[in-house]
Amino acid sequence: MPNDVYDPPVLAPDTLRIIPIGGLGEIGRNMTTFEINGKILIVDCGVLFPEEHQPGVDLILPDFTPIKHRLKDILGIVLTHGHEDHIGAVPYLLKLRADIPLIGSALTLAFIEAKLKEHRIKPYTLQVTGGQEEKIGPFDLEFVAVNHSIPDALAVAIFTDGGSVLHTGDFKMDQLPLDGRLTDLRDFARLGEEGIDIFLSDSTNADVPGFTPTERSIGPVLEDVIARAPRRVIVASFSSHVHRVQQVLDAAHANGRRVALLGRSMVRNMTIAADLGYLKVPEGVLVDFKKAGNIPDNKIVYMSTGSQGEPMAVLARMVNRDHQIEVGQGDTVILASSLIPGNENAVYRIIDGLIKLGANVVHKGNAKVHVSGHAAAGELLYVYNILKPKNVLPVHGEYRHLVANANIAVESGVPRENTFLAEDGTVIDLHDGVAKVVGQLDLGFVYVDGSTVGEITDADLKDRRILAEEGFISIIVVVDKANGKVITGPEIHAKGFAEDDSVFDALKPKIEAALAEAAGNGVRDTHALAQSVRRVAGRWVNVTFRRRPMIVPLVIEA
């Protein structure tokens, strides 16, 4: 159940206030603020991708309301890694104040700098690595290397006069990582010995038992699928999944194939990763997409975005026959990614579309072509036993994931009353090792629609759904200003109805009767008359067609 909204008290001196702004109850919009003695530190600032019931929306941002009037107090934004659900909203926050310092690893900063360049923002940055310590105002920070599905991910320990925090960001405990960079459990153990007052832990896979398989296990599967593919191979993955692209490059190379990158974000991110040494490109494997058409079908692999069924992404365009690559009989398409909750229908539509075109579609349901980037229950239990935190705030996940994470914490010995099942906007104060909920802010979704940010409301989205599902009717009537009688009309036009407009002829006398009754009662206000028209038309359409379209009446005086 949602918590009741109530304002927190004025923050006491030397007390650390923690507010998850996004990422609780959803997969995305990850953002948490930490405040002590008038200064604020932010960890992550990501986006959420829209679902089918949010038509026309491009991105969903965290609600910046709690910090909009406090921009000058923000000392920095720590970015744990370079995925969109952790860095995607940074440009929108920096548009409010461009000189907020960004703190992160080399690859993370390179990704966000490339994104900010498109927004014409040059950020102030501080590059850090695992084991590094930095003092930012009243916050003493220590960064810990963690393993994830993108290189260079970091957890951050935050030490303040109010208490100590460990925030994992997204992590898993892959024991055979492609880049040899393990989650630094020795650092975790040392921090546990020093004492962690509150632990903010990735919950995404908390309801999955056991341990997340190693990324390395995918390589042989990809190699085998590519070896058996008679024609072209198209692999779809997230545009920032460097490890997955590495495995595709290696598998293609082993099979004597070239690789062409598809999608602007894929080309941009992999160019950055290769330049910084995170992506090891075998000699002669990469080929420009424009030249790939000259290579025999059994010698090419296309590495594309679009594994989540996004309408404008490459795979969806292939299904719609709106792409230079025309998928056909004998082609192999590999969806090398997980399903983001809410995107299932879109992805299955893509799979069906590809199979109809004659492709062999390989996905995590029929082959081991994806492993998660998040710690499963067994890994989380290990971490709880190593850290022994006093308090736990599960973050990054839908509600079932947060509950599963809290239950693991309790199993490991954390008292139930010290585990906080919070939601976006829950205010938690920490002082002398004691954490307590002191407020609940009313935070909403901020929709990005083209160049419009935050102006689209839930009511607008409801209107869009009605237009899409129920149709639209306009009714124009001209009435006599003196006596309210109908002079012209009603003129009725419908959109989204299979029937011809002539079916509304039966409605016209009912509208005329309603207006005559209103006129007889002395009603002359055109808005009131329009509402009368809307009610009559709405009832008639509902009874006749069992539909509730958007009805826009216009009553004009003459």
Residues Asn385, Ser412; criterion side chain to side chain donor-acceptor pair (under 3.5 Å); working and verdict:
CA-CA 6 Å; Asn385 284 334; Ser412 75; 4.7 Å; no

Straight-line distance of [X] [atom1] to [Y] [atom2], nearest 0.5 Å:
X: Tyr124; Y: Ile100; atom1: OH; atom2: CD1; result: 12.0 Å
X: Asp99; Y: Lys72; atom1: CG; atom2: NZ; result: 13.0 Å
X: Glu26; Y: Leu48; atom1: CD; atom2: CG; result: 5.5 Å
X: Ile19; Y: Thr426; atom1: CD1; atom2: OG1; result: 9.5 Å
X: Thr305; Y: His241; atom1: OG1; atom2: NE2; result: 14.5 Å
X: Ile77; Y: Leu41; atom1: CD1; atom2: CG; result: 9.0 Å

Are any of the side-chain heavy atoms of [X] and [Y] separated by less than 4.5 Å?
X: Arg257; Y: Val233; answer: yes
X: Thr108; Y: Leu102; answer: no
X: Leu185; Y: Ile386; answer: yes
X: Phe159; Y: Leu191; answer: yes
X: Pro138; Y: Leu75; answer: yes
X: Val47; Y: Ile60; answer: no
X: Gln324; Y: Arg317; answer: no
X: Met303; Y: Ser237; answer: yes

From CA spacing to verdict: side chain to side chain contact (heavy atoms under 4.5 Å, CB included), Leu443, Ile21
CA-CA 8 Å; Leu443 300 184; Ile21 304 292; 4.3 Å; yes

With sequence neighbours left out, what residues match Arg190 under salt bridge (charged side-chain N to carboxylate O under 4.0 Å, His left out)?
Glu142, Asp187, Glu194

Under the criterion salt bridge (Lys or Arg N to Asp or Glu O under 4.0 Å), I'd like the reasoning laid out for Glu84 against Arg29: C-alpha separation, chi angles, the key distance, then a yes or no.
CA-CA 9 Å; Glu84 285 295 299; Arg29 295 205 311 160; over 6 Å; no

Residue pair [X] / [Y]: nearest heavy atoms and the distance that separates them:
X: Thr168; Y: Val146; result: O-CG2, 4.1 Å
X: Ser203; Y: Pro394; result: OG-CB, 3.4 Å
X: Thr419; Y: Ala409; result: CG2-CB, 4.0 Å
X: Asn391; Y: Asp197; result: ND2-O, 2.8 Å

Is Glu113 salt-bridged to Lys122, going by a charged N under 4.0 Å from an acidic O?
no

Quick check: [Y] with [X] (ring centres under 6.0 Å apart)?
X: His363; Y: His370; answer: no
X: His86; Y: His396; answer: yes
X: Phe64; Y: Tyr92; answer: no

Could you check whether atom [atom1] of [X] has more than 12 heavy atoms from other residues, nucleotides or ligands sitting under 6.0 Å from it?
X: Lys117; atom1: NZ; result: no
X: Arg186; atom1: CZ; result: no
X: His253; atom1: NE2; result: no

Would Val43 and Phe34 satisfy side chain to side chain contact (heavy atoms under 4.5 Å, CB included), going step by step from the backbone distance to the final call?
CA-CA 8 Å; Val43 174; Phe34 299 85; 3.5 Å; yes

For Val371, check side-chain contact (heavy atoms from CB on, under 4.5 Å) against everything at least two apart and list the hits.
Lys172, Pro213, Glu215, Ser217, Ile218, Arg244, Lys368

Would you say the side-chain atoms of [X] and [Y] include a donor-acceptor pair closer than 3.5 Å?
X: Glu379; Y: Thr212; answer: yes
X: Asn269; Y: Ser240; answer: no
X: Asn147; Y: Thr183; answer: no

Check whether any side-chain N or O of Lys135 sits under 3.5 Å from a backbone N or O of Gly137 as a donor-acceptor pair, and report yes or no.
yes

Under 30°, 30 to 60°, or over 60°: which ring-plane class applies to Phe289 and Tyr302, parallel, tilted or perpendicular?
perpendicular

Would Ile42 and Thr32 satisfy side chain to side chain contact (heavy atoms under 4.5 Å, CB included), going step by step from the backbone distance to the final call?
CA-CA 6 Å; Ile42 297 171; Thr32 310; over 6 Å; no

The test is salt bridge (Lys or Arg N to Asp or Glu O under 4.0 Å); show your working for Asp288 and Lys291 and say whether it passes.
CA-CA 5 Å; Asp288 188 274; Lys291 298 176 183 173; over 6 Å; no

Criterion side chain to side chain contact (heavy atoms under 4.5 Å, CB included) on Thr80 and Asp170, from CA distance to verdict:
CA-CA 8 Å; Thr80 58; Asp170 285 352; 5.9 Å; no

side-chain hydrogen bond (donor to acceptor under 3.5 Å, both in side chains) partners for Tyr278, two or more places apart
Asp152

With side chain to side chain donor-acceptor pair (under 3.5 Å) as the criterion, how do His148 and His243 come out once you've worked through the C-alpha distance, each side chain's angles and the decisive distance to 0.1 Å?
CA-CA 9 Å; His148 185 39; His243 293 320; over 6 Å; no

